Amino acid sequence: MCGISGWIDFQRDLTEHRSTVDAMCDTMTCRGPDAGDTWVSRHAALGHRRLAIIDLPGGAQPMEAENGQVSIVYSGEAYNFTELRDELRRRGHRFDTDSDTEVVLHGYLEWGTQVAEHLNGMFAFAVWDSREDKLLLVRDRMGIKPLYYYPTEHGVLFGSEPKAILANPLAEKVVDADGMRELFGMVKTPGQAVWAGMREVEPGTVVTLDRKGLREQTYWKLQAIEHTDDQQASVAHVRELMDDIVQRQLVSDVPRCVLLSGGLDSSAITALSGLHLASSGEQVRSFAVDFLGQTENFVPDPMRATPDGPYVRDVAEHVGSQHQDIVLDPDTLADPEVRRATVQARDFPMGLGDMDQSLYLLFKAIRQHSTVALSGESADEVFGGYKWFHDPDVRAADTFPWLAAVQSQGAGYDMLDPEVTAALDIPSFIADGYRTALGEVPTLDGESDLERRMREICYLHLTRFVRILLDRKDRMSMAVGLEVRVPFCDHRLVEYVFNTPWSLKTFDGREKSLLRHATADTLPQSVVERVKSPYPSTQDPKYAAVLQRQVRDLVKADSPALSLLNEKWIAESLQQDPANIDMAARYTFERALDLSVWFDIHNPTVKL
């Protein structure tokens with residue numbers, strides 16, 4: 001998977017700044033624990049940390065071509081690299097390794113800035129071409145792999161994560177009002193990176209830097225295309241795509257596994273993986289996260305009607321996987337060192353609370369057995385799986401659907417200090433972002449009002465909401481050196497299903513009709529009939545009680561994070577009975593603790 005970093009400066013002699021280049025690269029050690037190196041010339045420096053997945057002895061980076069005139073640092077996987085290598089060989093290219101990195105490098109030599117259009121996979125890479133003094137920063141279509149950059153007076157800094165850029169003295173650790181709005185708004189604005197002056201390479205985009213300056217070029221975006229397949233053909237094509245995608249993403253020179261929650265998405269990936277691996281005599285390995293006593297004491301709530309445990313067991317038995325549950329207790333979840341690790345991984349506060357901690361701990365446990373894991377992430381965004389897709393009131397709301405769904409349950413911004421709330425004006429920020437996003441949605445002539453609205457909702461999820469979840473998945477997994485692959489983000493599947501009419505997406509009167517019918521033959525009936533349930537969250541009141549104690553200590557220590565939060569709201573939350581803390585208080589505790597850790601790690605300057 002790897003982590004990349006770099007520095008281009010057309011005025012400085014970077015050979016005199018190798019220690020800074022090394023420091024930037026060293027921040028990516030968690031992403032690439034297997035090896036690391038830097039390449040430095042007068043005006044360009046590249047850093048790479050490697051998590052070896054393909055061609056373990058031959059994929060070292062930075063990698064060079066054209067007698068050292070062209071260099072690359074690459075993160076991710078190109079699942080079609082074998083076919084591309086054959087094509088490039090026919091075009092006269094010679095290869096010294098079996099790695100996909102060398103294929104991408106030669107792809108650049110053959111196709112230039114169009115190389116990304118030839119790749120199927122998840123990737124973020126940088127190419128420095130000294131023949132033209134030109135840098136290319138390239139990111140995959142869905143934004144699975146992260147890539148940030150920070151323009152400077154005479155060049156640019158870049159890295160897989162903000163921490164690589166912030167390790168350079170040229171980058172100021174400032175978060176302005178726009179950055180704070182990103183933290184609290186639950187809407188990921190394309191290109192916005194929270195830290196002032198820093199940008200994120202947008203999905204499906206190439207950023208080019210030369211002596212003339214920075215330029216952006218979009219090579220992929222969702223388009224509206226008429227869908228001509230009937231129901232049977234649509235289901236068959238989804239299955240055909242899924243078979244091909246899973247088979248491609250199982251390719252690895254290191255141990256691999258699947259993430260299993262007992263929902264339709266992860267169960268489908270597990271079942272298809274089991275079928276493909278069984279053909280070569282291999283047993284699929286699966287892992288699930290669970291909480292101590294969750295199944296026995298589960299209480300249905302508006303988001304989750306059933307616990308995961310029984311369905312996980314049904315799938316593991318049906319598929320015949322080598323399965324392991326990772327069971328977490330409240331004290332482990334609330335461990336301050338675990339919280340610190342998750343905030344350190346994100347470089348931001350404002351995560352998803354215990355769902356981040358449990359994901360981190362799940363990945364940490366998996367990493368003891370496997371280096372690659374396949375996930376069911378993003379199927380809900382692709383196929384329309386969330387409950388709010390099917391709620392007429394939420395669909396009609398004049399805002400992002402997931403926010404309408406949360407606000408209907410009473411969530412708001414009461415946790416923020418009133419002066420901060422006024423300065424940020426988050427409702428206007430959300431409204432502006434919503435209008436901008438709607439203006440991007442491609443349309444087809446003749447669509448009904450319902451079909452047009454559902455196309456809008458699907459687009460919002462695929463370009464705004466899913467990126468929050470993909471970032472979370474990437475940070476928590478790479479913090480422990482685990483590569484997580486997301487088959488449902490294959491651009492061929494995304495394009496096809498995006499253009500499938502809503503009436504076909506829900507032809508059986510339920511969510512994710514296409515996926516359910518495309519994979520039903522591989523699944524136990526219990527999972528086929530199960531109602532959508534999101535990633536699990538602990539219901540144990542002991543967890544909230546531990547958080548309450550930690551926040552009480554935070555108040556005594558007078559953490560700088562408290563200046564952003566509503567002291568009255570916190571005080572009232574601290575007065576609640578520890579055995580009966582409500583979700584609003586728990587939400588406040590999580591945010592306060594995350595902010596405190598963030599201030600301790602980065603000591604940011606907040607300018608509102």
Side-chain angles (χ1 to χ4, degrees), residues 1 76-77 79 120-124 139-146 186-188 190 202-204 220-222 238-239 241-246 248-250 258-273 303 352 355-356 359 362-363 372-389 400-402 437 454-455 457-478 482-500 505 511-516 518-519 532-536:
M1 184 58 68
E77 302 291 342
Y79 303 123
N120 176 302
M122 55 178 187
F123 50 83
R139 195 172 179 202
D140 66 67
R141 295 168 180 83
M142 289 294 290
I144 305 168
K145 302 316 301 174
M186 198 57 184
V187 177
K188 190 168 178 59
E202 293 188 33
W220 183 86
K221 60 183 178 181
L222 287 169
V238 168
R239 176 56 179 269
L241 284 170
M242 289 302 303
D243 279 330
D244 180 70
I245 292 165
V246 170
R248 287 178 181 275
Q249 297 198 18
L250 284 170
V258 294
L259 308 179
L260 177 59
S261 71
L264 175 63
D265 316 332
S266 66
S267 299
I269 297 299
T270 301
L272 293 175
S273 297
M303 296 296 290
L352 296 180
M355 292 188 286
D356 280 359
L359 193 65
L362 169 65
F363 290 157
V372 171
L374 272 64
S375 165
E377 190 79 88
S378 307
D380 289 307
E381 290 78 14
V382 174
F383 289 97
Y386 294 115
K387 288 186 177 181
W388 54 74
F389 274 87
F400 294 100
W402 54 92
M454 296 315 298
R455 184 184 289 275
I457 289 176
C458 290
Y459 182 90
L460 295 174
H461 281 80
L462 291 169
T463 62
R464 300 304 193 274
F465 190 67
V466 76
R467 294 177 187 175
I468 297 172
L469 301 182
L470 290 174
D471 279 354
R472 167 177 172 260
K473 185 82 72 178
D474 175 85
R475 300 304 193 280
M476 296 305 109
S477 61
M478 294 310 297
L482 177 71
E483 174 175 300
V484 174
R485 298 173 177 178
V486 279
F488 289 113
C489 279
D490 185 289
H491 70 277
R492 299 168 299 163
L493 181 69
V494 172
E495 291 170 346
Y496 184 79
V497 179
F498 175 68
N499 283 294
T500 303
K505 288 189 177 84
E511 78 282 358
K512 295 184 284 196
S513 306
L514 288 173
L515 178 61
R516 178 176 293 102
T519 59
K532 163 67 186 174
S533 183
Y535 182 88

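Note: hydrogens, waters and symmetry copies are ignored here, and every other heavy atom, side chains too, is used. Predicted, not measured: the structure shown is a model, and the values here were computed from it. If you read the sequence from its start, that first residue is 1, and numbering goes on from there.
Partners of Asp243 by side chain to side chain donor-acceptor pair (under 3.5 Å), not counting sequence neighbours, listed by chain and number: Arg239.
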| task | I would like to know whether Leu515 and Phe488 meet side-chain contact (heavy atoms from CB on, under 4.5 Å); could you show each step before the answer? | result | CA-CA 10 Å; Leu515 178 61; Phe488 289 113; 3.8 Å; yes
| field | Lys512/Asp265 under salt bridge (Lys or Arg N to Asp or Glu O under 4.0 Å): CA gap, chis, key distance, verdict | value | CA-CA 9 Å; Lys512 295 184 284 196; Asp265 316 332; 2.8 Å; yes
| query | Would Asp244 and Arg492 count as a side-chain contact (heavy atoms from CB on, under 4.5 Å) if you check the C-alpha gap in whole Å, the side-chain angles of each, and the deciding distance to 0.1 Å? | reply | CA-CA 11 Å; Asp244 180 70; Arg492 299 168 299 163; 2.9 Å; yes
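Rounded to the nearest 0.5 Å, atoms CG (Leu493) and CZ (Phe498) are 13.5 Å apart. With rounding to the nearest 0.5 angstrom, the CD1 atom of Ile457 is 12.0 Å from the CZ atom of Phe400. Of the inter-residue distances, the one linking Leu250 atom CG with Ile269 atom CD1 reads 9.0 Å to the nearest 0.5 angstrom. Residue Lys221 holds its NZ atom at 7.5 Å from OH of Tyr459, rounded to the nearest 0.5 Å. The structure places OG1 of Thr519 at 10.5 Å from CG of Leu514, a figure rounded to the nearest 0.5 Å. Taking CZ of Arg248 as the start and CG of Asn120 as the end, the distance is 6.0 Å to the nearest 0.5 Å.
Using a cut-off of 4.0 Å between Lys/Arg side-chain N and Asp/Glu carboxylate O, Glu377 and Lys473 are scored as salt-bridged.
Remark: side-chain polar atoms of Arg141 are not paired, donor with acceptor, to backbone N or O of Cys489 under 3.5 angstrom. Using a distance-only test at 3.5 Å, with no hydrogens or angles considered, a donor-acceptor pair links the side chain of Ser266 to the main chain of Ser261. Side chain of Asp356 to main chain of Leu352: a donor-acceptor pair is present (N/O by atom type, distance under 3.5 Å, no hydrogens or angles). In this structure, the side chain of Trp402 does not engage the main chain of Trp388 through any donor-acceptor pair within 3.5 Å. Remark: the backbone N or O of Met122 is not paired with any side-chain donor or acceptor of Asp140 at under 3.5 angstrom. Side-chain atoms of Lys505 never come within 3.5 Å of backbone atoms of Glu511 as a donor-acceptor pair (strictly under, hydrogens ignored). Judged purely by atom type and a 3.5 angstrom limit, Arg139 uses its side chain to pair as donor or acceptor with the backbone of Lys145. Between the side chain of Ser477 and the main chain of Asp474, a donor-acceptor pair closer than 3.5 Å is present.
Residues Val486 and Met142 fail the side-chain proximity criterion, which asks for heavy atoms closer than 4.5 Å. Residues Met355 and Pro536 fail the side-chain proximity criterion, which asks for heavy atoms closer than 4.5 Å. Two residues are said to be in side-chain contact when any heavy atoms from C-beta on lie closer than 4.5 Å; Met478 and Val484 fail this criterion. Between Phe465 and Val187 there is no side-chain heavy-atom pair separated by less than 4.5 Å. A 4.5 Å side-chain heavy-atom check between Leu222 and Val494 finds at least one atom pair inside the cut-off. The side-chain heavy atoms of Asp490 and Tyr79, taken from C-beta on, include no pair separated by under 4.5 Å. You'll find the side chain of Pro190 stays beyond 4.5 Å of the side chain of Thr463, heavy atoms only. Looking only at side-chain heavy atoms (C-beta outward), Leu469 and Ser378 stay at 4.5 Å or farther from each other.
Counting all heavy atoms, side chain and backbone alike, Leu482 lies closest to Val372 at CD1-N, 3.9 Å. When all heavy atoms of Arg467 and Lys188 are compared, the closest pair comes out as CB-CD, 3.5 Å. Heavy-atom minimum distance, Ser267 versus Gly262: OG-C, 3.5 Å.
Between Tyr386 and Phe389, the ring planes are parallel. Angles under 30° get that label, and only those over 60° would be called perpendicular.
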